[in-house]
There are 2 protein chains.
Amino acid sequence: MSSNSKQNGLEAHQGQDTTAEEAWPMFVEFLKSKASRITQARRIVFDRVFARHDHFRADDLTAELSSGSDYVSRGTVYRTLDLMTEAGLVQKIRDQDVHAHYEHIYGHGRHHHLICENTGEFIEFSNKVISDEIDCICKKHHFNQRFHRVVVFGTLTDTKA
Amino acid sequence: MSSNSKQNGLEAHQGQDTTAEEAWPMFVEFLKSKASRITQARRIVFDRVFARHDHFRADDLTAELSSGSDYVSRGTVYRTLDLMTEAGLVQKIRDQDVHAHYEHIYGHGRHHHLICENTGEFIEFSNKVISDEIDCICKKHHFNQRFHRVVVFGTLTDTKA
DNA sequence: ATTACTGCAAAGCATTTGCAAATGC
DNA sequence: GCATTTGCAAATGCTTTGCAGTAAT
């Protein structure tokens with residue numbers, strides 16, 4: 001296996017971050033493990049993601065990559081971002097269901113959720129330790145909290161004996 | 001001011017929850033404070049929201065209200081839900097920006113965010129107390145955690161002296 | 001009577017998808 | 001050479017909006 005990403009028959013992309021160089025082999029491994037291909041488009045998207053150090057939207061990347069020699073199409077940007085998320089290299093900040101859910105809160109109070117990824121079930125909880133800790137963090141950061149939200153993703157294990 | 005919501009010239013909607021009856025006057029107050037009107041459509045949406053005790057999508061409501069004598073149009077459902085959110089009677093579970101944001105996490109680790117509602121700034125933090133507490137909650141609920149997310153909404157107070 | 005609200009249908013917008021051409025292996 | 005990927009453009013699905021008619025004050 002070629003251990004150096006520069007040998008993949010791709011031009012060197014200049015101005016690259018150390019992390020990108022470090023992380024690329026991980027993505028390569030991931031793709032290989034899925035019998036997926038190491039393509040130019042994937043490398044380009046990958047580099048752009050690691051060139052950034054902020055939060056971005058898929059659309060921002062699409063825009064950046066929509067002209068010039070590094071052109072990658074919208075569809076491919078989304079598809080690659082999904083792969084990188086699956087590989088654990090990228091965090092999707094508002095993921096799962098894109099669309100808003102509501103619930104009434106009168107006589108209910110703020111609470112948080114465990115979301116089961118199998119059944120879609122929501123389990124509610126509230127917890128003072130967490131709230132207090134968050135208050136403390138806010139204070140530290142001179143942040144005036146309006147409210148907070150905690151969401152835990154995972155699966156509900158069957159409790160039946 | 002009429003203190004009983006049943007006097008608002010609207011038919012009584014049967015099968016109603018106590019909370020709906022309790023909360024309705026609050027919504028009325030809210031609407032009055034905005035010089036907005038108490039309408040049938042708003043009452044119908046309101047009742048449907050409080051008749052539910054789960055999480056729902058705006059679309060679910062629209063579907064429920066798209067036939068029969070309690071018809072309310074999609075647009076109005078969304079508009080009313082916004083009002084109820086503004087009034088603090090409803091919690092929008094995936095709010096703020098509807099669209100996904102990404103960030104790369106290699107050499108970064110999982111972390112959480114304080115989001116400034118004025119500037120859109122993200123401040124990152126990670127905290128073991130919170131993670132531990134969440135682990136504990138998951139155990140209690142027989143929940144197999146994949147990952148969790150904490151988001152705090154509010155405003156960054158200027159720290160300059 | 002006045003002005004806000006509703007219903008409708010069309011527009012918006014991020015995201016997804018089907019398919020023919022291109023590319024990696 | 002064969003199978004996966006890409007680019008394209010159209011489709012999707014939730015949400016928003018403009019406007020003319022309707023209802024609340």
Side-chain angles (χ1 to χ4, degrees), chain A residues 1-2 5 7-11 27-28 30-46 55-86 92-102, chain B residues 1-2 5 7-11 27-28 30-46 55-86 92-102:
Chain A
M1 297 158 198
S2 59
S5 59
Q7 328 253 289
N8 276 301
L10 306 164
E11 302 157 32
F27 195 38
V28 170
F30 171 79
L31 291 173
K32 281 183 184 166
S33 77
K34 293 192 51 146
S36 296
R37 294 178 179 170
I38 321 307
T39 65
Q40 286 199 53
R42 286 174 180 166
R43 174 78 206 213
I44 291 168
V45 172
F46 180 94
H55 301 256
F56 57 89
R57 300 188 327 189
D59 240 37
D60 299 336
L61 275 197
T62 303
E64 284 183 21
L65 295 173
S66 67
S67 61
S69 54
D70 279 356
Y71 180 87
V72 177
S73 71
R74 192 189 354 268
T76 300
V77 168
Y78 278 96
R79 285 181 284 232
T80 306
L81 242 17
D82 277 351
L83 285 169
M84 291 182 69
T85 304
E86 199 188 333
K92 204 168 173 180
I93 297 187
R94 199 174 298 306
D95 56 357
Q96 247 61 31
D97 193 340
V98 188
H99 305 291
H101 285 230
Y102 299 81
Chain B
M1 295 159 196
S2 60
S5 59
Q7 328 254 289
N8 276 300
L10 305 164
E11 304 157 33
F27 194 38
V28 170
F30 171 79
L31 291 173
K32 281 183 183 164
S33 76
K34 292 192 51 146
S36 297
R37 293 177 181 171
I38 321 307
T39 65
Q40 287 200 52
R42 286 173 181 167
R43 175 76 206 213
I44 291 168
V45 172
F46 180 94
H55 301 256
F56 56 89
R57 300 188 327 189
D59 240 36
D60 298 336
L61 276 197
T62 304
E64 282 184 21
L65 296 172
S66 66
S67 61
S69 55
D70 279 355
Y71 180 88
V72 178
S73 70
R74 196 194 345 273
T76 300
V77 168
Y78 277 96
R79 285 181 283 230
T80 306
L81 242 16
D82 277 351
L83 285 169
M84 292 182 68
T85 304
E86 199 188 332
K92 204 169 176 181
I93 298 187
R94 201 174 295 307
D95 56 357
Q96 249 61 29
D97 194 340
V98 187
H99 306 291
H101 285 232
Y102 298 82

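A note on names: the letters A, B, ... follow the listed sequences, proteins ahead of strands, and every chain is numbered from 1.
- The CG-P distance, from A:Leu81 to D:dT5, rounds to 16 Å in whole Å.
- In this entry the distance linking CZ of B:Arg42 with P of D:dA23 reads 15 Å, nearest Å.
- Within the model, atoms CZ of A:Arg42 and CZ of A:Arg79 stand 9.0 Å from one another, a figure rounded to the nearest 0.5 Å.
- Nucleotide C:dC5 holds its C1' atom 13 Å from the CZ atom of B:Phe27, rounded to whole Å.
- Rounded to whole Å, atom C1' of D:dT12 lies 13 Å from atom OH of A:Tyr78.
- You'll find that the side chain of B:Val72 is closest to C:dG7, out of C:dA14, D:dT6, C:dG7.
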For nucleotides 21-23 of chain C, list the nitrogen or oxygen atoms of the protein found under 3.5 Å from its nitrogen or oxygen atoms, one pair per line.
none

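- As a whole-Å value, the separation of B:Ile44 CD1 from D:dA24 P is 10 Å.
- For the pair A:Tyr78/A:Asp59, a side-chain contact is recorded, criterion being any heavy-atom separation below 4.5 Å from C-beta on.
- Of the candidate nucleotides C:dT15, D:dT15, C:dT6, D:dT15 has the atom nearest to the side chain of B:Ala58.
- When each of B:Asp59 and A:Val77 is assigned the nucleotide of DNA chain D with its nearest heavy atom, A:Val77 is the one assigned upstream, toward the 5' end.
- Minimum interatomic distance between A:Ala58 and A:Val77 (heavy atoms only, all atoms of both residues): O-CG1, 3.9 Å.
- Between B:Ile38 atom CD1 and C:dT6 atom P there is a gap of 11 Å when expressed in whole angstrom units.
- Closest heavy-atom contact between A:Ala41 and A:Thr76: CB-CG2, 3.8 Å.
- The interatomic distance linking B:Lys32 (NZ) with D:dT25 (P) rounds to 9 Å, in whole Å.
- Rounded to whole Å, the distance from CG on B:Asp70 to P on C:dT6 is 14 Å.
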Provide a list of protein-nucleic acid N or O atom pairs under 3.5 angstrom, restricted to nucleotides 18-22 of chain D.
none

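- The rotation axes computed at either terminus of the helix from C:dA1-D:dT25 to C:dC25-D:dG1 lie 30° apart, taking five pairs at each end and rounding to 10 degrees.
- Contact detail for B:Asp70 and B:Ile44: the closest heavy-atom pair is O-CG2, 3.6 Å.
- Smallest separation of non-hydrogen atoms from A:Phe30 and A:Leu83: CE2-O, 3.6 Å.
- One distance of note links OG1 of A:Thr62 with CZ of A:Arg57; it measures 10.0 Å at 0.5 Å rounding.
- Considering only heavy atoms from C-beta on, A:Asp82 stays 4.5 Å or farther from A:Glu86 through its side chain.
- Looking at which nucleotide of DNA chain C each of B:Gly75 and B:Ser36 is closest to, the 5′-most match is held by B:Ser36.
- Within the 4.0 angstrom heavy-atom criterion, base atoms lie near A:Arg74.
- Rounded to the nearest 0.5 angstrom, B:Phe56 CZ and B:Glu64 CD are separated by 9.0 Å.
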